[in-house]
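Letters go in sequence order (proteins before strands), and every chain restarts at 1.
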There are 2 protein chains.
Amino acid sequence: MAKLNTPITEHLAYLLAQANREINRQLELRLSKEGVPVEQWRILKVLSDGNGHSMGELADAVLLNHPTLTKMIDRMVSDTLVYRVQDPNDRRKVLMFISDRGKVLSKKLNSLAVDQEEHILESYGDKSTSELKRLLESLIDSSN
Amino acid sequence: MAKLNTPITEHLAYLLAQANREINRQLELRLSKEGVPVEQWRILKVLSDGNGHSMGELADAVLLNHPTLTKMIDRMVSDTLVYRVQDPNDRRKVLMFISDRGKVLSKKLNSLAVDQEEHILESYGDKSTSELKRLLESLIDSSN
DNA sequence: CTTCAATTGTTGAATATTCAATATTTTCAA
DNA sequence: TTGAAAATATTGAATATTCAACAATTGAAG
């Protein structure tokens, strides 16, 4: 008996890629109002706790490879959104901080992102959204 | 009363990106056994129905921008995995077909991908997996 | 202590992706 | 039937990402 070949649209990896692409595209569209890529929103958001975060820590948090992050941070430093400070306790490390300008921008970006979440809640539903979030968190957990 | 600032890890957009990155990384790792990027697996899988697919159709299906797809197909044509045929009914279009060599490779890749799905099923569970797939499909639907 | 391995971040070259412009063909309104 | 607009795919230049190598610092074993 021939084994049926699963269509690509049934693979979890594909569904995740597709959903991610779509949601990301929508978010990108909103953030483009401020001329900022999604990754910079993430960086600013992580740094808005006001604490210093090392590059490694940041790279993990914002889902970027180290060299990519370095170069993106270079741009953000030029735009005076963030700044580098050498970690006094471990001089291999660089601590990143958000600037005042960065904080102002971060707030605008957050409200754009919240807009999107609300839009999703409307079209997709409260129940589904929170259930989906729960399942995604647990998938991520189980993958470590 | 101050509005609490949502951590980035609670945004749906972020959870999707994180889950996608992780699952994709795992799949990439397996497919690297055959030296093939995830996108080429998708392309071969879509073409393995034996029918001709136009570039536009393919680009949508495999989640790539048109110019990116064109260049990836160029490589795959060099590797004789696929070939181009001008659509006789609409000569603006190019129909892509999978070659015999492509079919052989596609089978190997599929079993690697199925391995991964099975691995996910084990660590994450049948129930969660199918529920997650259902929710993702419905999210994608509701975004169109 | 000293030395060697591990950690952290950056750089430059190679590669890949994207944007805007182009070429070709088809569609469709006048 | 003609001419303008739309659809399709590709190209080249600009941009971004990745890989491998490097530099600096710390950790840790002997």
Side-chain angles (χ1 to χ4, degrees), chain A residues 17-18 20-22 24-29 31-32 35-43 46-47 51-79 81-97, chain B residues 17-18 20-22 24-29 31-32 35-43 46-47 51-79 81-97:
Chain A
Q18 196 183 0
N20 179 52
R21 188 179 160 90
E22 179 58 25
N24 205 57
R25 200 189 54 75
Q26 290 173 17
L27 181 56
E28 215 163 39
L29 199 66
L31 299 187
S32 71
V36 170
V38 175
E39 290 77 12
Q40 291 197 15
W41 166 63
R42 291 197 199 126
I43 292 171
V46 169
L47 295 185
N51 300 324
H53 294 265
S54 75
M55 292 296 281
E57 211 184 319
L58 249 191
D60 283 353
V62 305
L63 315 175
L64 287 178
N65 298 339
H66 288 219
T68 307
L69 178 64
T70 292
K71 284 153 191 172
M72 182 159 287
I73 288 289
D74 286 348
R75 280 169 246 149
M76 296 176 77
V77 169
S78 298
D79 296 344
L81 296 172
V82 299
Y83 56 95
R84 291 177 161 99
V85 176
Q86 194 178 49
D87 186 339
N89 297 120
D90 182 343
R91 281 159 34 206
R92 288 169 304 183
K93 293 188 183 172
V94 170
L95 297 180
M96 297 304 313
F97 290 90
Chain B
Q18 196 181 0
N20 178 52
R21 187 178 160 89
E22 179 57 26
N24 206 57
R25 200 188 55 74
Q26 290 173 15
L27 181 56
E28 216 164 38
L29 199 67
L31 299 187
S32 71
V36 170
V38 174
E39 289 79 11
Q40 291 197 14
W41 165 63
R42 290 197 199 126
I43 292 171
V46 169
L47 295 186
N51 299 325
H53 295 264
S54 74
M55 292 296 281
E57 210 184 319
L58 249 192
D60 283 352
V62 305
L63 315 175
L64 286 178
N65 297 340
H66 287 219
T68 307
L69 178 64
T70 292
K71 285 155 192 173
M72 182 159 288
I73 288 288
D74 286 347
R75 280 168 246 149
M76 296 176 76
V77 168
S78 299
D79 295 344
L81 296 172
V82 300
Y83 56 94
R84 291 177 161 98
V85 176
Q86 194 177 51
D87 185 338
N89 297 119
D90 183 342
R91 282 163 30 211
R92 288 170 304 181
K93 293 187 184 174
V94 170
L95 297 180
M96 296 306 313
F97 289 91

| Rounded distance in Å - CG (Asn65(B)) to P (dC19(C)) | 7 Å
| First of Val94(B) and Pro88(A) reached from the 5' end of DNA chain D, by closest nucleotide | Val94(B)
| query | Is the backbone N or O of Val94(A) less than 3.5 Å from a side-chain atom of Arg84(A), with the two atoms forming a donor-acceptor pair by type? | reply | no
| request: Round to a whole Å and report the spacing from CE of Met72(B) to C1' of dA9(D). | output: 17 Å
| task | Send over the distance from Arg91(B) CZ to dT10(D) C1', rounded to a whole Å. | result | 17 Å
| message | Nearest heavy atom decides the nucleotide; on that basis, is Asp74(A) or Lys93(A) closer to the 5' end of DNA chain C? | response | Lys93(A)
| request: Please state whether the phosphate of dA9(D), meaning OP1 or OP2, lies under 4.0 angstrom from any side-chain nitrogen or oxygen of Ser54(B). | output: yes
| Minimum-distance nucleotide to Asp90(B) side chain [options: dG9(C), dT25(C), dT10(D)] | dT25(C)
| Are any of the side-chain heavy atoms of Met55(A) and Met96(A) separated by less than 4.5 Å? | yes
| message | Restricting to non-hydrogen atoms, name the atom on Ala61(A) and the atom on Val46(A) that form the minimum distance, rounded to 0.1 Å. | response | CB-CG2, 4.1 Å
| note | Between CE of Met76(B) and C1' of dA16(C) the distance, given in whole Å, is 16 Å
| request: Rounded to the nearest angstrom, tell me the gap between atom CG in Asn89(A) and atom P in dG9(C). | output: 14 Å
| Got Leu81(A) and Ile43(A) here, is their nearest side-chain heavy-atom distance under 4.5 Å? | no
| Is the phosphate of dG9(C), meaning OP1 or OP2, less than 4.0 Å from a side-chain N or O of Thr70(A)? | no
| note | Per atom distances to the Arg84(B) side chain, the nearest of dT10(D), dG9(C), dT18(D) is dT10(D)
| message | Check this for me: does the side-chain of Lys71(A) come within 3.5 Å of the base of dT18(D) through a donor and an acceptor? | response | yes
| Does one side chain, of Gln18(B) or Glu22(B), offer a donor that lies under 3.5 Å from an acceptor on the other? | no
| request: Write down the distance between CG (Asp87(A)) and P (dT10(C)), rounded to a whole number of angstrom. | output: 13 Å
| remark: Whole-Å distance, Arg92(A) CZ to dG9(C) C1', equals 10 Å
| message | Does dT17(C) have its OP1 or OP2 closer than 4.0 Å to a side-chain nitrogen or oxygen of Arg75(B)? | response | yes
| request: Please state how far atom CG in Leu69(A) lies from atom C1' in dT18(D), giving the value in whole angstrom units. | output: 14 Å
